[in-house]
Amino acid sequence: MRESMPGETTGVSTPSLVLDVIRTRGPISRIELAAATGLTPATMTNAVRHLIDQRLVMSVGHSESTGGKRRELLDVNPTTRYGLGVQLGPESVQVVVANLWGAVVGRIGVAGAADADPNDIVASVTSAVTELLTATSLGDGLVEGLCVAVPGPHDDAGAIVDTPGLATLEGFPLRSALEAATGLDVRLESAALLSAAGEVWTGAAAESRALAVIHLDGELGAGIVVDRRLVRGSRGRAGDIRHLPIDPAGPLCRCGQRGCLAVVGTTDAIVKRYHDEADTSLTADRIAARAGTDPRAARAIDDAVAAFSRGVVAFADVLDLDRLVLSGRGYGRLLDRYLDGVRDHARALGRTNLVVAVSANQRDAGAVAAAGSVLRDHVDAR
């Protein structure tokens, strides 16, 4: 996705828009394309010609005759370009390669990045990239680059900031280190923002006008898409919902407030609450397994899900969203509880227009969308 001016949303170029429609609705005729995109026939024709010249789109035959001239049908040429995506999380790192359809043609999981030495992380990702490209027989010229989905913010120099779950990477020049190690063009992007873009890229967003992905994997974040445009904000941190105040009497957050969404509504909040009450350190999944027999586990889960649901539905109200999507490994075995909690709260408030769903690539949505963003950048740059 291209960079935008501060405070603006990220735009979608005409070729990208046309390619997205062809990929999600093809085979499709030029007349159908014009109707689906709202572009004038001349603008749409120029965009299609550009995509055909780049070998990104091809003719795949003609429609059935309805009495007039049969219409030429267009579809994506999926094997001409590929993108690499990395989802960097504290518990796991996923590396995928995807084609122009947004289909994953190879994936590898490696050890998580929590407490790991930065150079070891770079070496591990580089080894996974090499293995993937060898296994998929993708030679030079087919892979357009690599995008890393990071769970928190990053700076202009390509270093992760304000992400306690990846504390060893704070300030480390991750982008330049990966470029040197892989020989590829590399950029960093918010996993939440990428996951939202992926809902559009893969067609899962359907006809949504305004959606947000609530991504949980080490950190909590929201990626926002309005009218197919990514919302970044003035500093690129739109959707940082970690510090939304939910409970003024709640636990102290590192930001100085009490009861922020990150400390009362996440699975980390469940772990902390249970530890404080039971004096036992367990993962959220193991606490979930005890919920039926241990009232302390049940209370920790119920209260966190309720707080999370209040926060994200209020967030959806502020932005007038029509779709909320949960993605990321951080929900673990409690994904269905969170999904039901948000749906029930939205229904109780009468938000009948709000669809609440789970990402189609729930466990590696960031990596898949990162690979897709590389391909979109390739289209936009030509």
TODO: Not counting sequence neighbours, list each pair that qualifies as a salt bridge (Lys or Arg N to Asp or Glu O under 4.0 Å) and has a residue in residues 152-173.
DONE: Asp162-Arg237, Asp162-Arg242, Asp162-Arg254

Looking at [Y], is its backbone amide N or carbonyl O close enough to the side chain of [X] to form a donor-acceptor pair, meaning the two atoms are under 3.5 Å apart?
X: Thr267; Y: Gly330; result: yes
X: Asp322; Y: Asn353; result: no
X: Thr136; Y: Leu132; result: yes
X: Ser359; Y: Ser327; result: no
X: Arg351; Y: Leu349; result: yes
X: Thr37; Y: Val18; result: no
X: Thr163; Y: Val161; result: yes
X: Arg343; Y: Val356; result: yes
X: Thr126; Y: Ala181; result: no
X: Gln94; Y: Val86; result: no

Would you mind reporting whether [Y] and [X] have side-chain heavy atoms less than 4.5 Å apart?
X: Leu319; Y: Ile224; answer: yes
X: Thr280; Y: His275; answer: no
X: Leu56; Y: Arg81; answer: yes
X: Val148; Y: Leu146; answer: yes
X: Leu194; Y: Ser373; answer: yes
X: Met44; Y: Arg30; answer: yes
X: Thr266; Y: Leu261; answer: no
X: Asp303; Y: Val264; answer: no

- [ ] List the steps, then state whether salt bridge (Lys or Arg N to Asp or Glu O under 4.0 Å) holds for Arg258 with Asp247.
- [x] CA-CA 7 Å; Arg258 287 193 174 274; Asp247 180 5; over 6 Å; no

Salt bridge or not between [X] and [Y]? Use side-chain N to carboxylate O under 4.0 Å.
X: Arg229; Y: Asp227; result: no
X: Asp276; Y: Lys272; result: yes
X: Glu144; Y: Arg187; result: no
X: Glu189; Y: Arg232; result: yes
X: Asp302; Y: Arg299; result: no
X: Glu32; Y: Arg25; result: no

- [ ] In sequence, state the C-alpha distance, the side-chain angles, and the governing distance for Gln87 and Asp217, and then conclude on side-chain contact (heavy atoms from CB on, under 4.5 Å).
- [x] CA-CA 9 Å; Gln87 182 170 303; Asp217 188 2; 3.3 Å; yes

Open item on the list: Checking Val97 against Val104 for the side-chain contact (heavy atoms from CB on, under 4.5 Å) test, could you report, in this order, the C-alpha distance in whole Å, the side-chain angles of both residues, the deciding distance, and whether it holds?
Closed with: CA-CA 6 Å; Val97 58; Val104 174; 6.0 Å; no

Open item on the list: Would Ile28 and Leu73 count as a side-chain contact (heavy atoms from CB on, under 4.5 Å) here? Give the steps.
Closed with: CA-CA 5 Å; Ile28 188 170; Leu73 297 177; 5.8 Å; no

TODO: Flag yes if more than 12 heavy atoms outside Glu91 fall under 6.0 Å of its CD atom; otherwise flag no.
DONE: no

TODO: Answer yes or no: does atom CG of Asp53 have more than 12 heavy-atom neighbours from other residues, nucleotides or ligands under 6.0 Å?
DONE: yes

- [ ] Kindly determine whether Glu277 and Arg273 satisfy salt bridge (Lys or Arg N to Asp or Glu O under 4.0 Å), including the steps that lead there.
- [x] CA-CA 6 Å; Glu277 292 194 6; Arg273 166 87 174 268; 2.7 Å; yes

Open item on the list: How close do Gly341 and Val305 get, counting heavy atoms only, and between which atoms?
Closed with: CA-CG1, 3.9 Å

Open item on the list: Apply side-chain contact (heavy atoms from CB on, under 4.5 Å) to residues Ile160 and Leu174 and explain how you reach the verdict.
Closed with: CA-CA 8 Å; Ile160 293 172; Leu174 182 62; 4.1 Å; yes

Shared hydrophobic cluster, [X] / [Y] (ILVMFWY, side-chain heavy atoms < 4.5 Å):
X: Leu326; Y: Ile270; value: yes
X: Val225; Y: Val325; value: yes
X: Val105; Y: Val368; value: no
X: Leu142; Y: Val129; value: yes
X: Tyr82; Y: Met58; value: no

Open item on the list: Once side chain to side chain donor-acceptor pair (under 3.5 Å) is applied, do any residues pair with Ser59, and if so which ones, sequence neighbours excluded?
Closed with: Glu72

- [ ] Please lay out, stage by stage, how Ser127 and Thr130 fare under the test side-chain hydrogen bond (donor to acceptor under 3.5 Å, both in side chains).
- [x] CA-CA 5 Å; Ser127 176; Thr130 301; over 6 Å; no

Open item on the list: According to ring-ring contact (aromatic ring centres under 6.0 Å, His included), who are the partners of Tyr338, at least two apart in sequence or on a separate chain?
Closed with: Phe308, Tyr331

